[in-house]
Amino acid sequence: TEDEEEGFSILFTFDIRKTTRLEAGLSILQTIFICFAVGLGALSFTKDANELLLYPIERMINKMETIKDNPLEAMRLGDLEYKREELEQIQRKEELAQMGRCLKMLYRSKYMKKQKEPMETVMLEKTIIKLGGLLAIGFGEAGAEIVGHSMSGSTTTAVNAMVPGQKVDAIIGFVSIRNFIDATEVLREKVMLFVNQVGEIVHGCVDDYHGAPNKNTGDSFMVVWRLTGAPQERQTKLADMSIMSFVKVIAEVNKSRILAVYRKHPGLLQRIKGFRVQLGFALHTGWAIEGAMGSEFKIDAAYLSPNVQVTSRLQRSTGNYGVWLLMSHFMVQSCSQELALLCRLIDHVSVAGCRHPIRIYTLDLDETTLEVVTKAPELVSRNRFKMRQLREVRKNEKFQEEYNVWDLFSYDEDLIKMRDKYSKEFFHRFSMAYRNYEAGEWLAARDMLFTCHYAPKADAGRFMINSEDEWPQ
């Protein structure tokens with residue numbers, strides 16, 4: 001019918017489920033791929049950001065915290081950085097060994113570019129280590145508190161030099177170069193090289209025996225062994241080490257090929273017949289104020305105490321007594337009994353800066369018996385970090401219980417040579433002479449001194465008395 005024709009419609013049905021599923025799957029894959037690509041890019045960016053920026057900044061912050069807490073640790077940071085670089089070089093060599101020729105060329109070109117253009121963060125990190133090392137060397141042990149106090153958390157960047165010091169117990173030592181004025185006038189500009197050559201030996205031997213160089217004043221060096229906080233056994237061993245370090249200095253100076261050259265210097269020989277590098281030493285122990293001395297323009301880490309002046313005066317008196325070393329009885333009493341018995345009592349004097357008279361001792365050594373080492377030393381590493389590591393191992397061995405400082409006098413060849421000249425009879429006779437001298441028996445002391453096997457020069461501390469008219473009032 002016409003009504004049915006008008007209402008007639010055709011319906012087509014299509015099954016697109018498979019197509020919809022495929023499109024949905026592809027959409028999911030596309031989303032996964034985009035997420036993966038974005039994630040991979042983010043990881044790559046994060047890796048570069050961490051390696052080039054975040055990790056170096058974290059390392060720098062850790063290094064600054066370490067230097068702030070203990071400025072002397074700056075030298076150890078340099079060692080750790082050197083170890084890290086060595087490990088990287090070893091790993092790089094292993095990787096190169098497994099690569100082909102083309103890959104090696106690409107790898108080397110990339111590495112050389114990296115070497116020529118180091119990152120700013122790497123340069124800054126190495127600069128912090130170098131600055132910390134310079135602070136540790138420049139200020140030394142006495143300046144550790146100064147640097148730590150200045151770097152502690154503060155709201156200002158100004159350096160405050162006006163900080164109180166702290167009282168410490170310490171062994172104070174002075175080393176002086178004799179005939180320094182003549183050496184300066186003759187050597188002129190090269191006198192700096194001469195002083196540094198001597199200073200290298202002095203500082204090296206002192207550091208080997210746990211001492212700390214403190215102050216250099218041209219012709220003299222001040223060194224310190226801190227006793228505060230150390231148990232009694234360690235204080236005794238440090239006292240023994242301080243004496244042994246000076247013994248080693250006198251031995252190394254007389255054996256040095258470099259310093260032996262000055263014995264043939266025509267200018268020095270013209271002024272001083274038979275010139276050789278000679279040093280005067282002094283040791284004393286007592287309290288001192290450790291801290292910063294100076295102003296906002298210049299700060300020095302120093303020890304202030306009458307005991308420092310006493311040590312300086314003892315060192316200046318070594319030439320008058322004709323000996324290489326003078327020690328106070330406070331110093332000898334701090335040593336072990338075995339080492340104290342090797343020292344010789346030579347006088348009882350009043351020293352400005354000390355309330356009571358002090359007895360002074362020396363340790364008899366004949367350094368002229370040592371021969372200059374003519375052959376070149378065995379090849380050693382020129383890397384200062386490796387040398388410092390080896391030195392730390394040697395220093396730690398000296399604190400072992402089985403290590404006794406005085407044993408060196410029985411098996412060290414240099415010490416045996418320098419002590420061979422002095423017989424037991426000499427020490428017995430000199431001891432008797434000194435007792436008479438201190439008791440006021442001048443003529444008896446004189447007679448005993450003349451019978452000593454080792455001819456007394458000026459080491460008795462007084463001129464020879466020939467009559468009662470020459471007795472001191």
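- One side chain, S431 or R435, offers a donor N or O that lies under 3.5 Å from an acceptor on the other.
- One distance of note links CE of M331 with CG of L314; it measures 12.0 Å at 0.5 Å rounding.
- For CG of L345, the number of neighbouring non-hydrogen atoms (other residues, nucleotides, ligands) closer than 6.0 Å is greater than 12.
- Aromatic pair H348/Y434: ring centres not closer than 6.0 Å.
- The existence of a salt bridge linking E185 and R271 is confirmed by a sub-4.0 Å separation between a basic side-chain nitrogen and an acidic carboxylate oxygen.
- Among residues two or more places apart in sequence or in another chain, the salt bridge (charged side-chain N to carboxylate O under 4.0 Å, His left out) test is passed with D407 by none.
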| said: Could you walk me through whether E252 and K248 satisfy the salt bridge (charged side-chain N to carboxylate O under 4.0 Å, His left out) test, starting with their C-alpha distance in whole Å, then the side-chain angles of each, then the deciding distance to 0.1 Å, before giving a yes or no? | reply: CA-CA 6 Å; E252 294 299 326; K248 287 295 184 180; 5.9 Å; no
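- The distance from atom CG of L268 to atom CG of N179, rounded to the nearest 0.5 Å, is 9.0 Å.
- Counting heavy-atom neighbours within 6.0 Å of E233 CD, excluding the residue itself, gives a total of 12 or less.
- To the nearest 0.5 angstrom, T362 atom OG1 is 6.0 Å from M327 atom CE.
- Around the CD atom of E402, the shell of radius 6.0 Å holds more than 12 heavy atoms that belong to other residues, nucleotides or ligands.
- Using modelled atom types and a 3.5 Å distance limit, the side chains of R316 and S312 yield a donor-acceptor pair.
- The environment of K190 atom NZ is sparse: at most 12 non-hydrogen atoms of other residues, nucleotides or ligands sit within 6.0 angstrom.
- Between the CH2 atom of W406 and the CG atom of L342 there is a distance of 10.5 Å, given to the nearest 0.5 Å.
- Not less than 6.0 angstrom separates the ring centroid of F430 from the ring centroid of F427.
- With a 4.5 Å cut-off on side-chain heavy atoms, V277 and R263 do not count as touching.
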| message | Checking R394 against D208 for the salt bridge (charged side-chain N to carboxylate O under 4.0 Å, His left out) test, could you report, in this order, the C-alpha distance in whole Å, the side-chain angles of both residues, the deciding distance, and whether it holds? | response | CA-CA 7 Å; R394 294 198 307 268; D208 277 344; 3.4 Å; yes
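- Residues forming a side chain to side chain donor-acceptor pair (under 3.5 Å) with T217 (at least two apart in sequence, or on another chain): S220.
- With a 4.5 Å cut-off on side-chain heavy atoms, I172 and M222 count as touching.
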Donor-acceptor list for residues 191-203 side chains, cut-off 3.5 Å, not counting sequence neighbours:
residue, atom, partner, partner atom, Å
N196, ND2, M192, O, 3.2
Q197, OE1, Y262, OH, 2.9
H203, NE2, N216, OD1, 3.3

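- Note: F281 and F246 have tilted aromatic rings, judged against thresholds of 30 and 60 degrees for the angle between ring planes.
- For the residue pair T228 / D169, no side-chain donor-acceptor distance below 3.5 Å is found, with atom types taken as modelled.
- Taking a 6.0 Å sphere around CD of E371, one finds it holds 12 or fewer heavy atoms contributed by other residues, nucleotides or ligands.
- At a threshold of 4.5 Å between non-hydrogen side-chain atoms, the residues P306 and Q309 do not count as touching.
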| field | Test log, rule salt bridge (charged side-chain N to carboxylate O under 4.0 Å, His left out), inputs K398 and D240 | value | CA-CA 11 Å; K398 292 181 175 65; D240 290 352; over 6 Å; no
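- A heavy-atom distance below 4.5 Å is not found between the side chains of I243 and Y209.
- If you take NZ on K237 and OG on S334, they are separated by 16.0 Å, rounding to the nearest 0.5 Å.
- Residues Y361 and H329 place their aromatic rings such that the two centres sit no closer than 6.0 Å.
- With no hydrogens or angles considered, no side-chain donor-acceptor pair links T368 and R276 at under 3.5 Å.
- Atom CD of Q333 has more than 12 heavy atoms from other residues, nucleotides or ligands within 6.0 Å.
- Remark: I250 CD1 to L415 CG distance equals 11.5 Å, nearest 0.5 Å.
- Using a 3.5 Å distance cut-off with no hydrogens or angles, the side chains of Y321 and D347 do pair a donor with an acceptor.
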| task | Give the intermediate values and the outcome of salt bridge (charged side-chain N to carboxylate O under 4.0 Å, His left out) for residues K395 and D207. | result | CA-CA 8 Å; K395 289 172 64 176; D207 182 76; 3.4 Å; yes
